[in-house]
Colleague: 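Input: one structure, supplied below.
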2 protein chains.
Amino acid sequence: MEDRTSSTPGHSQVTAPRGDLFSPECPTRRLLDRIGTKWVAMIVKTLAETGELRYADLKRRTPGVSAKMLTQTLRGLEDDHLVARRVEPSVPPAVHYSLTPLGHSLDEPLAALREWAETHMPEIDGLSRTG
Amino acid sequence: MEDRTSSTPGHSQVTAPRGDLFSPECPTRRLLDRIGTKWVAMIVKTLAETGELRYADLKRRTPGVSAKMLTQTLRGLEDDHLVARRVEPSVPPAVHYSLTPLGHSLDEPLAALREWAETHMPEIDGLSRTG
DNA sequence: CGGAATCCAAGATGATACTG
DNA sequence: CAGTATCATCTTGGATTCCG
């Protein structure tokens, strides 16, 4: 077990790197550092839609994700209190993940962004080809 | 001069990598790949607020950005028709950047995200420390 | 002024193997 | 089942240098 300040999507600038350039003035940047990681948007959306999922189920609904990345991403979200982890002490153990109220509140602006993407990204791709 | 499929924030999955896993089904992912890059959110916000800026001005208003990243980011945004580039043929040349209507439309959901970040990120940071 | 080209360090991600 | 540990790789971003 080592520290979580290296490659974890969790907080890394929080403890002041050397001269917090725009960290305190730009929480948006830090937020995007998190939701911008490859799997967060997909996971948040999935949890928002399904309510609660087990690790394996969540993995199955996130095509292409590796166990490592899924765990790492969930840890980061947990760390930010956007996702809740519930363990059923059975054998074998069953671990359930769901959005916290804060997580749900994030899903709102995120949903707006999704809608923008679905509306305009095809348009953008079209423009890229036709000039 | 080489292709723009390597490190450019522009389209890289558009030309089908090998088996577009969720590219077509997830424009959100591609959008986040762009706005999630370190400087996009800041640049878009700045342009949204100021209207139009010259390269050097934009650089000055984006603390910490290198010329390389600024150019690269602007190229990507230009490529997506989110930013317009206007050149005044003077000596030395003056290049102006501004948001396109599409860019402004993106700024709306982005602003919502910013507001969420400014509202909740401090709360999150507080929770991280106090448990 | 507004870039482009190159080199390099860091971080993110994936594959694989192992564990309680 | 639900992870953890480790290694290899690919991508990102920054510093530097040079140019029209």
Side-chain angles (χ1 to χ4, degrees), chain A residues 1-13 17-19 21-22 29-30 32-43 53-60 62-76 78 83 85-97, chain B residues 1-13 17-19 21-22 29-30 32-43 53-60 62-76 78 83 85-97:
Chain A
M1 194 79 68
E2 80 306 328
D3 67 313
R4 280 187 182 178
T5 57
S6 47
S7 60
T8 313
H11 42 63
S12 42
Q13 306 294 82
R18 44 192 170 186
L21 299 169
F22 38 86
R29 177 88 291 279
R30 302 215 323 286
L32 283 174
D33 277 342
R34 296 154 200 241
I35 68 173
T37 58
K38 197 167 186 177
W39 306 105
V40 171
M42 217 175 313
I43 290 174
L53 286 176
R54 292 182 58 173
Y55 183 88
D57 292 331
L58 191 51
K59 188 172 187 305
R60 209 168 320 110
T62 313
V65 77
S66 62
K68 173 189 171 182
M69 288 316 298
L70 181 55
T71 300
Q72 180 174 298
T73 303
L74 288 171
R75 289 286 180 278
E78 232 188 299
V83 159
R85 182 174 182 264
R86 181 172 67 82
V87 183
E88 268 183 42
S90 52
V91 280
V95 183
H96 300 256
Y97 290 94
Chain B
M1 192 85 65
E2 80 305 326
D3 66 314
R4 279 189 183 178
T5 58
S6 48
S7 59
T8 312
H11 41 63
S12 42
Q13 306 293 82
R18 43 191 170 186
L21 298 169
F22 38 87
R29 177 88 291 279
R30 302 214 324 285
L32 283 174
D33 277 343
R34 295 154 201 240
I35 67 174
T37 57
K38 197 166 186 177
W39 306 105
V40 171
M42 218 174 313
I43 290 174
L53 285 176
R54 292 184 59 174
Y55 183 87
D57 292 332
L58 191 51
K59 188 172 187 307
R60 209 170 318 112
T62 313
V65 78
S66 63
K68 173 189 171 182
M69 288 317 298
L70 182 56
T71 300
Q72 181 174 298
T73 303
L74 288 171
R75 289 286 180 278
E78 231 187 301
V83 160
R85 182 173 182 262
R86 182 172 66 84
V87 184
E88 268 184 42
S90 53
V91 279
V95 183
H96 300 257
Y97 291 93

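Below, chains carry the letters A, B, ... as their sequence lines are ordered, and counting in each starts from 1. Treat the numbers as computed from the prediction; the structure is a model and nothing was measured.
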Colleague: With the side chain of Tyr97(B) defined as its heavy atoms from C-beta on, choose the nearest nucleotide among dG20(D), dG3(C), dG13(D).
Modeller: dG3(C)
Colleague: Please pick, from dG3(C), dG13(D), dG3(D), the nucleotide with the shortest atom-to-atom distance to any side-chain atom of Val95(B).
Modeller: dG3(C)
Colleague: What residues form a side-chain contact (heavy atoms from CB on, under 4.5 Å) with Ala56(A), not counting sequence neighbours?
Modeller: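 Once residues adjacent in sequence are excluded, the partners of Ala56(A) under the side-chain contact (heavy atoms from CB on, under 4.5 Å) criterion are Arg60(A).
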Colleague: Can you confirm whether Arg29(B) sits close enough to Lys38(A) that some side-chain heavy atom of one is under 4.5 Å from a side-chain heavy atom of the other?
Modeller: yes
Colleague: Rounded to the Å, how far apart are Arg29(A) CZ and dT12(D) C1'?
Modeller: 12 Å
Colleague: Going by heavy atoms in the side chains, are Leu70(B) and Ile43(B) under 4.5 Å from each other?
Modeller: yes
Colleague: Can you tell me the distance, in whole Å, between the CD atom of Gln72(A) and the P atom of dA12(C)?
Modeller: 8 Å
Colleague: Could one point to a donor on the side chain of Lys38(B) or the base of dG13(D) with an acceptor on the other under 3.5 Å away?
Modeller: no
Colleague: For Pro93(A) and Gly36(A), take the nucleotide of DNA chain C holding the closest heavy atom to each; which residue's nucleotide lies nearer the 5' end?
Modeller: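 This one resolves to Gly36(A).
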Colleague: Measure the distance from CZ on Arg60(A) to P on dA2(D) and round it to the nearest whole Å.
Modeller: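 Those two atoms, CZ and P, are 9 Å apart.
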Colleague: Distance check needed: dG3(C) P versus Leu70(B) CG, whole Å only.
Modeller: 8 Å
Colleague: Tell me the interatomic distance from Arg54(A), atom CZ, to dA2(D), atom P, rounded to whole angstroms.
Modeller: 4 Å
Colleague: Supply the atom-to-atom distance Leu58(B) CG to His96(B) NE2, rounded to the nearest 0.5 angstrom.
Modeller: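 Output value for this atom pair is 12.0 Å.
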Colleague: When we call it a touch if two heavy atoms are under 4.0 Å apart, what does Lys68(A) touch: a base, just sugar-phosphate, or nothing?
Modeller: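 Contact class for Lys68(A): base.
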Colleague: With a 4.5 Å heavy-atom cut-off, do Val65(B) and Thr73(B) have their side chains touching?
Modeller: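 They are not in contact (no side-chain heavy atoms under 4.5 Å apart), so the answer is no.
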Colleague: In whole Å, I'd like the distance from the CG atom of Asp33(A) to the P atom of dG11(C).
Modeller: 12 Å
Colleague: Nearest of dG20(C), dG3(D), dG14(C) to any side-chain atom of Trp39(A)?
Modeller: dG14(C)
Colleague: What's the CZ-C1' distance between Arg75(B) and dA4(C), to the nearest Å?
Modeller: 9 Å
Colleague: CD of Glu88(A) versus P of dG3(D): gap in Å, rounded?
Modeller: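 About 13 Å, once rounded to whole Å.
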Colleague: Mind checking if Ala56(A) touches a base, just sugar-phosphate, or nothing, with heavy atoms under 4.0 Å?
Modeller: sugar-phosphate
Colleague: Of the candidate nucleotides dA2(D), dG2(C), dG13(D), which contains the atom at the shortest distance from the side chain of Tyr55(A)?
Modeller: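 Selected nucleotide: dA2(D).
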